[in-house]
Number of protein chains: 4
Amino acid sequence: MKDEIANLKRSHILEVAGRHFTETGYDATQISAIAKEAEVSIGTIYGFFENKEGLFSEFINAEMERIFRELQEELATISEPIEKLRAMARKKFEYMTRRTNNIREMLNKNPMFLVQASVAKNCPMEHIYILIASVLEELNQTVPLKNNDFIQMAYNFKALGNGYIERWATDERYEFRDKADEVVDFFIDGIKR
Amino acid sequence: MKDEIANLKRSHILEVAGRHFTETGYDATQISAIAKEAEVSIGTIYGFFENKEGLFSEFINAEMERIFRELQEELATISEPIEKLRAMARKKFEYMTRRTNNIREMLNKNPMFLVQASVAKNCPMEHIYILIASVLEELNQTVPLKNNDFIQMAYNFKALGNGYIERWATDERYEFRDKADEVVDFFIDGIKR
Amino acid sequence: MKDEIANLKRSHILEVAGRHFTETGYDATQISAIAKEAEVSIGTIYGFFENKEGLFSEFINAEMERIFRELQEELATISEPIEKLRAMARKKFEYMTRRTNNIREMLNKNPMFLVQASVAKNCPMEHIYILIASVLEELNQTVPLKNNDFIQMAYNFKALGNGYIERWATDERYEFRDKADEVVDFFIDGIKR
Amino acid sequence: MKDEIANLKRSHILEVAGRHFTETGYDATQISAIAKEAEVSIGTIYGFFENKEGLFSEFINAEMERIFRELQEELATISEPIEKLRAMARKKFEYMTRRTNNIREMLNKNPMFLVQASVAKNCPMEHIYILIASVLEELNQTVPLKNNDFIQMAYNFKALGNGYIERWATDERYEFRDKADEVVDFFIDGIKR
DNA sequence: TATGAATGAGGGTTCATTCAT
DNA sequence: AATGAATGAACCCTCATTCAT
């Protein structure tokens, strides 16, 4: 019971912290601001997390875990591998636009986010890359692929998505939300034999 | 004469600053540390640059300008558009490995670098995207492309390269220096009709 | 209880700060010096006051408020308006000599003090001018005054006092403490019809 | 010849410096800004004046000397002592309004000016007080005065003027330029037997 | 266990002053 | 004599972290 409350509090802090890190950037984020918004004391945060860096790293891990689970659930309802890729691309674009109503500004203030996830300690995105790789392996059964380094292909898939996001971050008039299929088509043509 | 010395000093500061920003990240970089390593006073740095942000922004701009010029020169010696793309990919990978002997650690401490350039004020990478786009337009003459948004394709090209770099940043055993051709092949297959 | 301690600390800082501002002048006063003398940390000061200017402004306000209250209390015990003016002049002179044991040096290092109070944001001396004006209005009942701009007359009253203080600040041999009555006589003759 | 040029340069610097000290306040005035506006080098300023404080002190002295001379000249054309006082009050008010087109703001940013002059090292206003005192002595021949401390009366005269200036500095709607006669009337009534 | 006041090292920036040219 | 680039001490303010209550 007590543990449950503690866990709830922990996730709540993590969520608020995530919002701050994402919108403000790591350095500009203040522990005191997180505490105030999460309506806990600074001491409580330090009770749950070693320090600022630990809080950040836990946030990234939790975020990735969550996305991974959501993705996994959604993919379970789809049978066609190509459709799975489309769903993933769509989810990524959705996430980027929903995450903050001003992702463009966010990327300008804190351009680290896109890459951050992949290189943060312990590579918390690993799970997701493996998930993408497994879809590609599946795809390989029906559509033979040129390159069997599925993990690298997964990186390429993600990177292509970033290309659209970056374009959009630079060019105000650009509409990228409906480009998910374009990403997948481009990608498929790039990998199939 | 005096101007020349001033310019040399300026470039020297910019170079040292660049090393610091790249290796330590923007926030963790200290003006005083740059001053000490560049063997000038703090005041001298503030004589050349408005403030820390101005110094950073000039560093990014100068870097991009330099890369752009080098790229342009190299491309002038190549006639085949596909070979041009290969040269570009090779240059990018070379740059990333040469830039610091520990780019992996750099990306961990400062994951912003890869994206930063594209979204920094005034988009200093614009020139390079336009250069890539012009090569793609050229390519379109001989190899008809599916998508005529050459700028977006340029973003995709760069993004794909990032995919390999990120992979390499995460996986110690990965050798990406010789993957330049793979990037181009993947890319060409993705864009050609 | 906690609030009480905080208030005590606050007043203590204010008092130390006041001593510094008065003796050293605004610009030359260092927050770190106030912190050291008040035996609190710099951060604590910034916890109580927005910034240096805020601290200064609060000091002036508090000082004026205190003087105002003291003055009001004393005037309540006096019935004759002229006697009230005398009391005020005496109080001012007392204040100037008691405030620091070296007001002369203070005025040399920081000549702003005399005027500062009247022009600082929100004119914290306003209360006092109104108090003086009310005494003059009262006086007007028995001794008809030439000029009915009581506020201006209040300024004149204060200014005349300053004349004696300045004289004393310049001339070492000058004894001004017993000139309070002279100020009032001069003033009365200047205003009565 | 060379000396003449040097003297001209010196006065020019002094004039520019004066404008800066008056409008910006001592601390906020930058030597570099004076140098730029005076179109001389920083080094030149340091060739003429010991340091910032020396420059300031010379400015005050020169200013007082100038005002003194102007006043003396004007008074020479007037025979009636009371008219002389009126001329002085008028001159003071004129000076305060002409000096900067925004004396109110100046007093807020740098409230020291009014008092500064009288207490600055070597009391550079002394001459002026003596001049006023001599007029009062003259006045004493025809209008017997209560108090024979003419110097103190001179301080009072100046202080009364300050009262109007301070009033005006605090109250936007106040028009003080035409109050010169009021000051003198008030003063005369205050001093005459 | 939770709180949040207190700490103080540290960083960006300014600017009077110097001195080589 | 004049210049103004260079110096670097000094100052305001921030904020991660601690710890007494």
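Computed from heavy atoms alone, side chains included, the values below leave out hydrogens, waters and symmetry copies. Residue numbering restarts at 1 for every chain, and letters A, B, ... go by the order of the sequence lines.
- Remark: side-chain polar atoms of A:H20 are not paired, donor with acceptor, to backbone N or O of A:Q30 under 3.5 angstrom.
- A straight line from CZ of D:F49 to C1' of E:dA16 spans 16 Å, rounded to a whole angstrom.
- Applying the 6.0 Å contact sphere to CD of D:E39 captures no more than 12 heavy atoms from other residues, nucleotides or ligands.
- The base-pairing partner of E:dA5, taking Watson-Crick or G-U wobble contacts with both distances under 3.5 Å, is F:dT18.
- The shortest distance between the side-chain N/O atoms of D:S41 and the OP1/OP2 oxygens of F:dG4 is not below 4.0 Å.
- D:G43 comes within 4.0 angstrom of a base, heavy atoms only.
- Across the protein-nucleic acid pair, D:N7 atom CG and F:dA1 atom P stand 13 Å apart, rounded to whole Å.
- Along DNA chain E, the nucleotide closest to B:N51 and the one closest to A:F48 are compared, and the more 5′ of them pairs with A:F48.
- The distance from atom OH of B:Y46 to atom P of F:dT7 is 15 Å, rounded to the nearest whole Å.
- Each of D:A28 and B:S32 was matched to the nucleotide of DNA chain E holding its nearest heavy atom; the match closer to the 5' end belongs to B:S32.
- Taking the side chain as every heavy atom from C-beta outward, A:V40 and A:V16 never approach each other to under 4.5 Å.
- The side chain of B:Q30 has E:dG12 as its nearest neighbour among E:dG12, E:dT17, E:dG4.
- Cation-pi geometry between B:K52 and B:Y26 is met: under 6.0 angstrom from the ring centre, within 45 degrees of the axis.
- Straight-line distance from the CD1 atom of B:I31 to the P atom of E:dG10: 17 Å, rounded to whole Å.
- Comparing atom distances between the D:T44 side chain and each of F:dA6, F:dA2, E:dA6 picks out F:dA2 as nearest.
- Residue C:K36 is classed as having no contact, given no heavy-atom separation below 4.0 Å to the nucleic acid.
- Residue B:E39 contributes atom CD, which lies 12 Å from atom P of F:dG8 at whole-angstrom precision.
- Comparing atom distances between the D:K52 side chain and each of E:dA6, E:dA16, F:dC12 picks out E:dA16 as nearest.
- Remark: P of F:dA16 and CD of A:E53 are 12 Å apart, rounded to the nearest angstrom.
- Note: CG (B:L55) to P (E:dG11) measures 16 Å, nearest angstrom.
- The nearest whole Å value for the distance from the CG atom in C:D27 to the C1' atom in F:dA10 is 14 Å.
- With E:dT18, F:dA2, F:dC11 as the candidates, the nucleotide lying closest to the side chain of D:I42 is E:dT18.
- At distances below 3.5 Å, not a single donor-acceptor pair connects side-chain atoms of D:S57 with backbone N or O atoms of D:E53.
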